[in-house]
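Below is one structure, written out as structure tokens; comments come after it.
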Amino acid sequence: MAEKIVLIDGHSILNRAFFGIPDLTNSEGLHTNAIYGFLNIMLKILDEEKPEYLTVAFDVHAPTFRHEMYADYKGTRKPMVEELRQQVPVMKEVLQAMGIRIIEKAGLEADDLLGTLSRRCEEAGMEVSVISGDRDLLQLATDHVKIRIPKTKRGGTEIEDYYAADVQEKYGVTPSEFIDMKALMGDASDNIPGVPSIGEKTASKIIAAYHSIENAYEHADELKPPRASKALKEHWDMAVMSKTLATICVDADIEYDISQAKIENIFTQEAYTLFQRLQFKNLLGKFDVTGPANAVEDHFRIIRGREPAEEIFDRASRAGEVGAAIFKDTENVLPLFASQAQAGGVALCFGEEEIFCICAEEDLTAEEILEKLGETAARAGSFSMFRLKEAMSFFTPGNRENCFDGIIAAYLLNPLKSDYTFEDVAREQLSLLVEDKAEDQVKACYEAYTAWKARPLLLEKLQETGMLRLFEEIEMPLVFALFDMEQNGVKVEAAELKEYGDRLAVQIEKLEKEIYEESGEVFNINSPKQLGVILFEKMGLKGGKKTKTGYSTAADVLEKLAPEHPFVAKILEYRQLAKLKSTYADGLAAFIGEDGRIHGKFNQTITATGRISSTEPNLQNIPVRMELGRLIRKVFVPEDGYVFVDADYSQIELRVLAHCSGDRQLIEAYQEEKDIHRITASQVFHTPFDQVTDLQRRNAKAVNFGIVYGISSFGLSQDLSITRKEASQYIEQYFKTYPGIKVFLDNAVAQAKEMGYVTTLFGRRRPVPELSSSNFAQRSFGERVAMNSPIQGTAADIMKIAMIGVERRLKENHMRSRLVLQVHDELLVEAHETEIEEVKKILKDEMEHAASLEVPLEVDMHTGMSWYEAK
DNA sequence: CGTCTCACG
DNA sequence: ACGTACGTGAGACGG
């Protein structure tokens, strides 16, 4: 059987993949979608065809022979968008790593390379497949040269195949006649002019009848549509030129040694490393990874019984470094209570070949195993796990100082991911692939091994990125502070909450009735779609469309209509009440535990900036701005014998900005310790401090906020309901007043552009991949992120330091008071009534001294018998 | 499961 | 001409 070669049109397939696949970026901010798509297409074809040889052709971006001849027509090629351009060299790197032959030659287009190679290979008796997205190449089709055009459709790529006969069938002309057809009809995408007024239909008819433009020209008078006849005679020179442009060269002078195109193993170690960097997870499965992968499978042992288990724990304790994982008992759990599954045992690793799975049995219960685990943690040199905070609901590590959480490390190294798993860490740090199907015990062994093995690597990366101290001194201690806070929970009066909900229900029902009556029909007020139709069609209000699915009924739209239309005001009120009832009254009630407290989760690996997030329920968005909503805070109460002490930072972000920018004016303004917005207004509007009007102050405040968010004239104009021009003037004035701020913000963007990330005062990094986008909106977003993240992130760092300090002091002094909530710039402590003054002192002290800035950190504090009172 | 809306800092 | 204020989470709707 004849040997096979596959020839790929590099740029064309890369281009196809780029536009066919949604944007992907790796953690370095490198766009990868085109490379990913290219590889998928290539692998699919290799799989199908199993060729002996493979070569990828690229254009060299210099004017080529054919370009030069008719520079006017071929000169204006659109520049490639940045996201695609940056992928080209990486694509070549990938191919090289896979040992795939690349061919490119200055002065030749990929088409010509492909044409020449396909001809030569065919002559050498081979079967040739040419892969391209470009139909131009159809002219190369023969009985042994197959042109394959991939189409990215939903649900995979389909490939259209063309031998010479297929071209004939589909287009009614032979492959070589295809050139003549192009010469007549032209091709806008390739800047081939063609003959005016001749399109695809006419060209096809003419060439089918006369086979070449030369022959057609000789019979020009007979040509069917008289218009075409005239055009061809008048524009014969265009036709000739177009034919030259459209003809792919098949005898270019290139050196090509077929033996270099031989396909060896393309899944090389080098390629694996590169794929990892590009984060092509599902392509990694195609590699045959040997080595570390077997460490776990080959060496783990299942330990049953008390004595052997105790021996392992003992050996682990004496080992310097220990990795551990807890696995669930899947056998003795009713499916209904799966979420409350008990531990089935633990896996331990303390050496390359020391991997053990210790299972609970009758003579050794899970409780005992977990207790031993805590003791082992206390005695080991280092103790590594994943999701330590979650694991701590099963056991108590005897020492918090030597603990390591690989998930937290992974988060710091790339805070943009939506989830973090030990499998990802194993793959990224150890090139270790964990089988999805592995049973729980085996998975736990992998997890323990990964915890043990990846720890030094992760620490080294944290060191390299300047985040080791952040990790060791802030994030790891915070794990325990958050754990304690979750365990503490916050007391919520269930009965009062229900009463509040009932009161809302009455009002909601009343409003509902009125709304149905006034609109003349019963509809779902909660459905923006239905509501939009009622308001803007049935009732004919003006205030046009906005969203893709219909009319916008967002509050800011409705608020503009409300003064004129009491009906709209009722909708807004209904919305407000419905939200309070469903999200807060009913929503919170569902989370009250048997101890009368809500134990929400405080998550450490969610936000891109370093803030903590709160879920199940979200306790960081309990209403406060509107009185009716604020009332909910009355049900958050301290235990008998306790009082709430609430402490919040005053304008921490602006103070961070003052410090980080070093702007003398703003720093001095803060050292005055007066109303900062008024000072800003006074300086920006050149008005004496005590003559600043309310409007001026309000505007200055909005600008201050805007600066923190990464100011844009559009955003500010929206916020203040002014024109963009006015907003621009405010911003300009602001920057004139505080020139240091402008320099700081510009620097942040510049640094992000250069390095690809921004940092906080404590070294926390946030990558900003959006800055390399060619899309204006995306890029602008990146700029705002670059301005905002260092500020928001530094404030988050400071609060974390404060929390750790507060927790530490409360514990050190053996106090009964406890931290129950964190709301970004606010801490809520449930203080024992004998400890109130001490708690206040600790809060003030730890919060104000969490960081030493050029401006003082100020804390406002209140006490009360509910969160409502204490705020 | 994506979109819209809205609660917080 | 475009189309955004930064960071979150949850509930409701509707395909």
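In what follows, every chain begins at residue 1, and chains take the letters A, B, ... in the order their sequences are listed. Remember, it's a predicted structure, so these values are computed and weren't measured experimentally. Because only heavy atoms are used, hydrogens play no part in the values below, and waters and symmetry mates are left out as well, while side chains stay in.
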Rounding to an integer number of angstrom, what distance separates [N] and [M] when you compare their [atom1] atoms?
| N | M | atom1 | value |
| --- | --- | --- | --- |
| C/dA1 | B/dC6 | C1' | 30 Å |
| C/dT4 | B/dT5 | P | 13 Å |
| C/dA5 | B/dC4 | P | 13 Å |

Between A/Ile711 and A/Ser527, which is nearer to the 5' end of DNA chain C once each is assigned its nearest nucleotide?
A/Ile711
Pairwise side-chain contact, A/Leu657 with A/Ile707, heavy-atom cut-off 4.5 Å (strictly under)
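Of all side-chain heavy-atom pairs linking A/Ile707 with A/Leu657, at least one is under 4.5 Å.
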Is A/Tyr516 close to A/Phe523 at the side-chain level, that is, under 4.5 Å between some pair of heavy atoms?
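Sidechains of A/Tyr516 and A/Phe523: in contact.
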Across the strands shown, which category fits [X] at heavy-atom distances under 4.0 angstrom: base, sugar-phosphate, nothing?
| X | result |
| --- | --- |
| A/Gly710 | nothing |
| A/Phe781 | sugar-phosphate |
| A/Ala702 | base |
| A/Asn524 | sugar-phosphate |
| A/Val708 | nothing |
| A/Gln530 | sugar-phosphate |
| A/Arg575 | sugar-phosphate |

Name the one of A/Thr553, A/Ile515, A/Ile534, A/Leu511 that satisfies side-chain contact (heavy atoms from CB on, under 4.5 Å) with A/Ile525?
A/Ile515
With A/Ile622 as partner, the option from A/Lys871, A/Arg633, A/Arg630 fulfilling side-chain contact (heavy atoms from CB on, under 4.5 Å) is A/Arg633
Return yes if some donor-acceptor pair links the side-chain N/O of [X] with the main-chain N/O of [Y] below 3.5 Å, else return no.
| X | Y | result |
| --- | --- | --- |
| A/Gln530 | A/Asn524 | yes |
| A/Thr583 | A/Leu580 | no |
| A/Glu726 | A/Thr723 | yes |
| A/Tyr649 | A/Met847 | yes |
| A/Arg724 | A/Leu716 | no |
| A/Asn414 | A/Leu416 | yes |
| A/Asn33 | A/Ile21 | yes |
| A/Asp646 | A/Leu828 | no |

Considering only heavy atoms of chain A and a distance under 4.0 Å, specify the first and last nucleotide of DNA chain C in 5' to 3' order that meet this criterion.
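Boundary nucleotides touching chain A, in 5' to 3' order, are C/dC2 to C/dG15.
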In [range], which ones come under 4.0 Å of DNA chain B, going by heavy atoms?
| range | answer |
| --- | --- |
| residues 550-558 of chain A | A/Ser552, A/Thr553, A/Ala554, A/Ala555 |
| residues 788-795 of chain A | A/Gln792 |
| residues 597-622 of chain A | A/Arg611, A/Gln620, A/Asn621, A/Ile622 |
| residues 752-767 of chain A | none |

Would you call [X]-[Y] a salt bridge at under 4.0 Å N-O?
| X | Y | answer |
| --- | --- | --- |
| A/Asp746 | A/Lys742 | yes |
| A/Glu514 | A/Lys570 | yes |
| A/Arg764 | A/Glu475 | yes |
| A/Arg655 | A/Glu858 | yes |
| A/Asp405 | A/Arg387 | no |

Between CG of A/Asn788 and CD of A/Glu783, what distance do you get to the nearest 0.5 Å?
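It comes to 13.5 Å.
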Give the stems involving DNA chain C, where a stem is 3 or more consecutive Watson-Crick or G-U wobble pairs (i with j, i+1 with j-1, and so on) under 3.5 Å.
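Runs of three or more consecutive pairs: B:1-9 with C:6-14.
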Footprint ends on DNA chain B, 5' to 3', for atoms under 4.0 angstrom from a heavy atom of chain A, come out as B/dC4 to B/dG9
Please check if atom NZ in A/Lys538 has more than 12 non-hydrogen atoms from other residues, nucleotides or ligands closer than 6.0 Å.
yes
Ring pair (Phe, Tyr, Trp, His ring centres under 6.0 Å) with A/Phe685: which residues, sequence neighbours excluded?
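With sequence neighbours excluded, A/Phe685 shows a ring pair (Phe, Tyr, Trp, His ring centres under 6.0 Å) to A/Tyr730, given in chain and number order.
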Are A/Arg766 and A/Tyr757 in a cation-pi contact, defined as NZ or CZ under 6.0 Å from the six-membered ring centre and within 45° of the axis?
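A/Arg766 over A/Tyr757 ring: no.
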With [X], which residues qualify under salt bridge (Lys or Arg N to Asp or Glu O under 4.0 Å), at least two apart?
| X | answer |
| --- | --- |
| A/Arg818 | A/Glu830 |
| A/Lys579 | none |
| A/Glu486 | A/Lys389 |

For DNA chain C, determine which residues of residues 719-743 of chain A have any heavy atom closer than 4.0 angstrom to one of its atoms, and list them numerically.
A/Asp719, A/Arg724
